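Input: a single structure, listed below in C-alpha cells.
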Amino acid sequence: MSGKELSKSYDPKTVEEKWYAFWLAKGYFHADENASGASFSIVIPPPNVTGSLHVGHALNSTLQDILVRWMRMCGRNALWVPGTDHAGIATQNVVERQLAKEHIDRHALGRESFVEKVWEWKKEYGGRIIAQLKRLGASCDWERERFTMDAGLSRAVREVFVTLYEEGLIYRGERLINWCPRCHTALSDIEVEHEDEKGKLYHIAYPLSHDHNIRLTVATTRPETMLGDTAVAVHPLDPRYKTLIGKTVDLPLTTRKIPIIGDSVLVDLEFGTGAVKVTPAHDFNDYEAGLRQKPELPRIKILDEKAEVLSDIPDVLPDALKHLAGKHAKKARGMVVELLQEQGYLIKTEDHAHSIGKCYRCKSVVEPYLSPQWFVKTGPLAGPAIAAVGEGKVRFVPKGWENTYFDWMRNIKDWCISRQIWWGHRIPAWYCDDCGEITVSRTDAASCGKCGGKNVRQETDVLDTWFSSALWPFSTLGWPDKTKDLAVYYPTSVLVTSFDIIFFWVARMIMMGLHFMKEVPFRDVYIHALVRDAEGQKMSKSKGNVIDPLVMIDQYGTDAFRFTLTAFAAQGRDVKLAPERIEGYRNFANKIWNASRFVMMNLDEGFAPNSELVTKNSSLADRWILSRLNSVTKEVQAAFTEYRFNDAASTLYQFIWHEYCDWYLELSKPALYEEKGSPARAAAQTVLAHVLETVLRLLHPIMPFISEEIWQTLPEAVRNAECGMRNKKAGKACESIMVSRYPMPNEKAINPGIEQDMQMVMDLILSIRNIRGEMNIAPSMQITAIVKVETGEIGEHLEKCSSYVKTLARLSELRIGIAENKPKSAATGVIKGAEVYVPLEGILDLAQEHDRLQKEIAKISKDIDVFSKKLSNKNFVDKAPKEVVEKDTAKLEEFKAKREKLEQSLKMLG
RNA sequence: GGGCGCUUAGCUCAGCGGGAGAGCACUGCCUUCACACGGCAGGGGCCACUGGUUCAAUCCCAGUAGCGCCCACCA
C-alpha cells in the first residue's frame, strides 16, 4: 500500500476545516493583478450585512465558486471579489428593534449616536454571513473584501452623485412618492410589492352645488381620502355628465366646493359610476390628472408621515375633523363611512378585490405621499443600457430574461433615491439658510457655493441602498482612481444572480457602468433558479420553511450540499430542495471515498504511473475507461462553458459511480490480482490511478474538499503527472489540487469502436446476471456459462475478455465457441452475435425459465412492433434520412434474430 | 389587463423531432476481501387534454384546462 491511509468512511468536518485553512495560508484565493494570463473576474452580489446565509445565497455562491475554481485551474487570472451591502432600511430596522428591546427610541438617541450603534452592530454581526460563505468553501479573494460604506466606496458614491447632479441627471423636487409609514421613508417604485386584497367599493353621493337634489355618485376604495378631494372627474364624452363639466359639487363633510372636470385618461366609461373623485395628494392617477388640468388642481394633504389624519385639513367641518384627527388611515376609513352614512351620502357598499402596495422591507401598507425627494433622471442612462444588451455586449443566460429587462427599461421611471433614514450614504447636498441655494459637493461644504454664507445644513436624507450597489463592479476595484485592478478585471466576466433583482441591481449596474466606465460591467449575466422548499413555496422565516444551509452542511458535509445545489441548478427552473435529496449526494461522496481507498490499496509501495506500459499492455477495459474519461472531460468542459451546471454534475455522477466504480473497478480486478510485476497489472494500476486523479480534478470545482483530501493522499508521482502550469513554471511541486491544471480532453483517446467492443462484454455479463437473478441462483454459487458465438471473430474477442466475464458474472467455467451447443437442461440468454447458456442440471425450474423467456420475448416483441411499423411505412423509407433507415433496419433484424432464438429456446422447454 | 414559465414513473426533476430517462422511494436476492452511506436483479409511465404541421411528435405550432411567477394607476 502506498500513500497515506484513508479511513473507512468520509468525515467532512475535519477535512473541510483543514483544507480551507490550508488554501488561505497558501494565498490561493488571492488574485495578483500583475500576474500574466487572461483575467476572469466575478463580483459577488453583496449579501446584506443583516443576513445569514440561506439556501439562495448558498446556490448563488456555489455556482460562482465553481466558475472561479474552474477558471483558475484553467490558468486564468481569476478573481472573485467578496463583500457585503449596508442594506439601509433593513439594517436600520434590525438595530431599531434591538434598541426597542432596551426601550430605547432612535430619536431619543439622536442621529449620530444611532449611526454609531449601527456600526457597532455591523462590527459584531456583519461578518456572520462572510464566515458562513467560508464554510461553503467560497474561494473569494478576502484581501479584496469590500463593504458598500467603506471609505473607498463612499468616495465613489459621492463622485457619482455629484457628477450626475452636475450633468443634470439628479434633481430634487416635490413629487408624489411611495411612502412607508412604518419605516418612515420614501421608497422607489420597485420597492413596493403589490398584493391582491379583498376590499370594498364605496359609492358616495356628491351633491351639485347649484342644485342639491342632483347628486353625482362616485365610487372609491378609499373613502377617507375624500377629505383631500379637489375635483370630481368624468369622461368628457360621457353623455350623462358632459354638461356638468365646469360646474362644482359640495364635498360632503367639508365646506369645500370642488369642480367637475373632464379627463379621458382617468375615467373609464365602463367602470363604476362613471364619475371619479380626485385626490391629487394621495393617489398617483389623481396626481397626474391634477397636473393635466389648467390651472393644476390643488393638492391637499390629509395624512401625515405616519399615515394618520392631519388635524388641520382645510375646509373640513370641525366636528368631523375632531373625530378623525390623529386616526390611522385605515381606522379613519370606517369613521368616514359611518359619517357619510349618517348624513345620507353613502349609496351602497360592494365587495371589490384590488391590489394594495406593501413595503418590501416591513410589509406595511405603503401610502402615496407628497414630499420633496431626490431623483435620478433615468431616461438618458437607460438608452445606452438597452442598446448594450440589444447589441449583445451583455448577454443574458438564459436569453429569455432579456425581455424582462427590456420591458422594464423601456418603461423606466425616474428613480427616487432619497430615503428618510439615518443609516446609509448621506446625500452630499447642503442647504443655505441665507440664500436658500443648494450646494452639492464632493467634499463636505462649510459654506454656501453661491453666497458664501456659513449657515449651511447638510441634507438629512441618505441614498437608496441600491445606489451604491449599482456602482459595485467598479467601486470595488478602486474607482474613481485609475487602478491596475480596474484595468485588469473590469469589465467583469459574469454576474451570477437570480431574476428577482434584475431591476433593482442588474439594470442599474449596466446603466452606471456604461455611464462612468464607458463599458459594460459584465459580459454575461447568468440568472439561476430561485430556491423554494419541497412544497414550492418561497422560503421565508414567517412560513417556517427555511432550510438552513449550515445545518445541512453539518449533517451531510459541504461537498454533498454543494453537489446537490449544482445538480438542481437547471436553467429556468425553481429549485425545490428537500433535505433527503442531499443524503443521496452524501452517499456519492462516500462512494468516491471508498473507490479511492480501493485504488490506493491496490497501488504498490513507491508506485509510479507508467504510460508506456499502458500503450503496450492496456486491456480493453483500460482503453474503454480512458475513452469514456475523455468524453466526460469534454462534456464537463462544455457544460461549464455554457453554464449547464447540472449537466456537469450529472455527467460526473454517472461516470464515477456507474462506469468507473460499477464497471471499471470490477473489470480491473482480474489484472490487479495478477502477481506483482505483471505488465497487465501495472497497466491497470496506472489507468486506475490516472482516471481517479483526473476525475478528482474534474470534480474539484463542485466538490472542493473531498477532491483535495483524496488527491493529497495519492502518491506524489500520480499527482505530479498532471500538475498545473503555474507550479511547473515556478519549479514547484504541485501543492494542491486547487492550483493544478483542469483536465482537457484528449480527442484521440475517444474511441467508439472500443466502446462497442466493451458493450458486448457488458451485455454478456448482464445476460448471465439476469439469468442468475431471475432463476434465483445464489450469488455464492459458482456456475458455468456456455457461449455459442456466430463468428470466430466474436469468439476470439470474447475469449480475450473471459476473465472479466468470469469475475463479474461469478463463473467457475466459461466456454466460448462456434460449435458449442445448448446442454439439455439450461437457461438461455441472447445477446448480439451470441447465445448464452447456463447449464442448470437438476436445478432448472422449467416454469421459472418459461416465465423468464416469455418476459424477454414480450419485451423484444414490443420493440419489433415499433420498428416493423415504422419500416413498413413507405413514406418513412423514402423520406427519412438514409442513416436513420439503415440504422433502424439493422436494429429490426437484430431484434428479430434475438426473438427467434428466444422462441426456439422456449419451444425446446416443451 | 399584459407577459413569462410549468404540467414526463409514487415523489423531486432531466430530456427533446426517430426505440420513454435519472435520483429517491418500492420488490426480490446478497453482510462476496473499496463501500450496507453498499452490490446484483426487477416492477412502475395514453410524457395534462384537443387539434394541426411532418414519413415520424413527449419534443414544433394553435387552442383548452390546471398550477406558479412577474409587470400594470383601472376608481
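These numbers come from a predicted model, not from an experiment. Naming: A, B, ... by sequence-line order, numbering from 1 per chain.
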May I have the distance from [X] (atom [atom1]) to [N] (atom [atom2]), rounded to whole angstrom?
{"X": "A:Lys879", "N": "B:C55", "atom1": "NZ", "atom2": "P", "result": "4 Å"}
{"X": "A:Glu583", "N": "B:C35", "atom1": "CD", "atom2": "C1'", "result": "15 Å"}
{"X": "A:Leu808", "N": "B:G39", "atom1": "CG", "atom2": "C1'", "result": "11 Å"}

Side-chain N or O of A:Lys870 closer than 4.0 Å to phosphate OP1/OP2 of B:G19: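 For A:Lys870, the contact criterion (side-chain N or O under 4.0 Å from OP1 or OP2 of B:G19) is met.
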B:G23 phosphate, OP1 or OP2, under 4.0 Å from A:His658 side-chain N/O: yes
Using the [atom1] atoms only, state how far [M] lies from [N], rounded to an integer number of Å.
{"N": "B:A65", "M": "B:G15", "atom1": "P", "value": "28 Å"}
{"N": "B:C26", "M": "B:G63", "atom1": "P", "value": "44 Å"}
{"N": "B:G44", "M": "B:U7", "atom1": "P", "value": "24 Å"}
{"N": "B:U8", "M": "B:C67", "atom1": "C1'", "value": "16 Å"}

For nucleotides 28-34 of chain B, list the nitrogen or oxygen atoms of the protein found under 3.5 Å from its nitrogen or oxygen atoms, one pair per line.
| residue | atom | partner | partner atom | Å |
| --- | --- | --- | --- | --- |
| B:A34 | O2' | A:Asn594 | OD1 | 3.1 |
| B:A34 | O2' | A:Arg597 | NH1 | 2.8 |
| B:A34 | N6 | A:Glu666 | OE2 | 3.3 |
| B:A34 | N3 | A:Asn594 | O | 3.3 |
| B:A34 | N3 | A:Ala595 | N | 3.3 |

Produce the list of close N/O pairs, under 3.5 Å, pairing protein atoms with atoms of nucleotides 71-75 of chain B; give distances to one decimal.
| residue | atom | partner | partner atom | Å |
| --- | --- | --- | --- | --- |
| B:C73 | O2' | A:Asn285 | ND2 | 2.6 |
| B:C73 | N1 | A:Asn285 | OD1 | 2.8 |
| B:C73 | O2 | A:Asn285 | OD1 | 2.7 |
| B:C73 | O2 | A:Asn285 | ND2 | 3.1 |
| B:C74 | O2 | A:Asp268 | OD2 | 3.3 |
| B:C74 | N3 | A:Asp268 | OD2 | 3.1 |
| B:A75 | O2' | A:Ala219 | O | 2.7 |
| B:A75 | N6 | A:Asp268 | O | 3.0 |
| B:A75 | N6 | A:Phe271 | O | 2.2 |
| B:A75 | N1 | A:Asp268 | N | 3.1 |

Qualifying residues under ring-ring contact (aromatic ring centres under 6.0 Å, His included), relative to A:Phe598, sequence neighbours excluded: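 Counting only residues at least two positions away or on another chain, A:Phe598 forms no ring-ring contact (aromatic ring centres under 6.0 Å, His included).
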Ignoring hydrogens and geometry beyond distance, is a side-chain donor-acceptor pair present between [X] and [Y] at under 3.5 Å?
{"X": "A:Asp229", "Y": "A:Tyr206", "value": "yes"}
{"X": "A:Asn178", "Y": "A:Glu191", "value": "no"}
{"X": "A:Asn587", "Y": "A:Glu583", "value": "no"}
{"X": "A:Arg852", "Y": "A:Asn770", "value": "yes"}

Pair of N/O donor and acceptor under 3.5 Å linking B:C24 base with A:Arg581 side chain: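 Absent.
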hbond_proxy A:Asp407 side chain to B:G3 base (donor-acceptor, 3.5 Å cutoff):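 No.
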All stems with RNA chain B, defined as three or more consecutive Watson-Crick or G-U pairs under 3.5 Å: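 Paired runs of 3+ in RNA chain B: B:1-7 with B:65-71, B:10-13 with B:21-24, B:26-30 with B:38-42, B:48-52 with B:60-64.
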Salt bridge (charged side-chain N to carboxylate O under 4.0 Å, His left out) contacts in which one or both residues fall within residues 867-881 of chain A, not counting sequence neighbours: A:Lys870-A:Asp888
Residue pairs, two or more places apart or on separate chains, that pass salt bridge (charged side-chain N to carboxylate O under 4.0 Å, His left out) and touch residues 648-657 of chain A: none
Qualifying residue for ring-ring contact (aromatic ring centres under 6.0 Å, His included) with A:Phe503, from A:Trp408, A:Tyr405, A:Trp415: A:Trp408
Residue met sooner reading RNA chain B from 5', once A:Asp647 and A:Lys855 are mapped to nucleotides: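 So the residue in question is A:Asp647.
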Ring geometry between A:Tyr360 and A:Phe504 (parallel below 30°, tilted from 30 to 60°, perpendicular above 60°): parallel
Over 12 non-hydrogen atoms of neighbours within 6.0 angstrom of NZ in A:Lys832: no
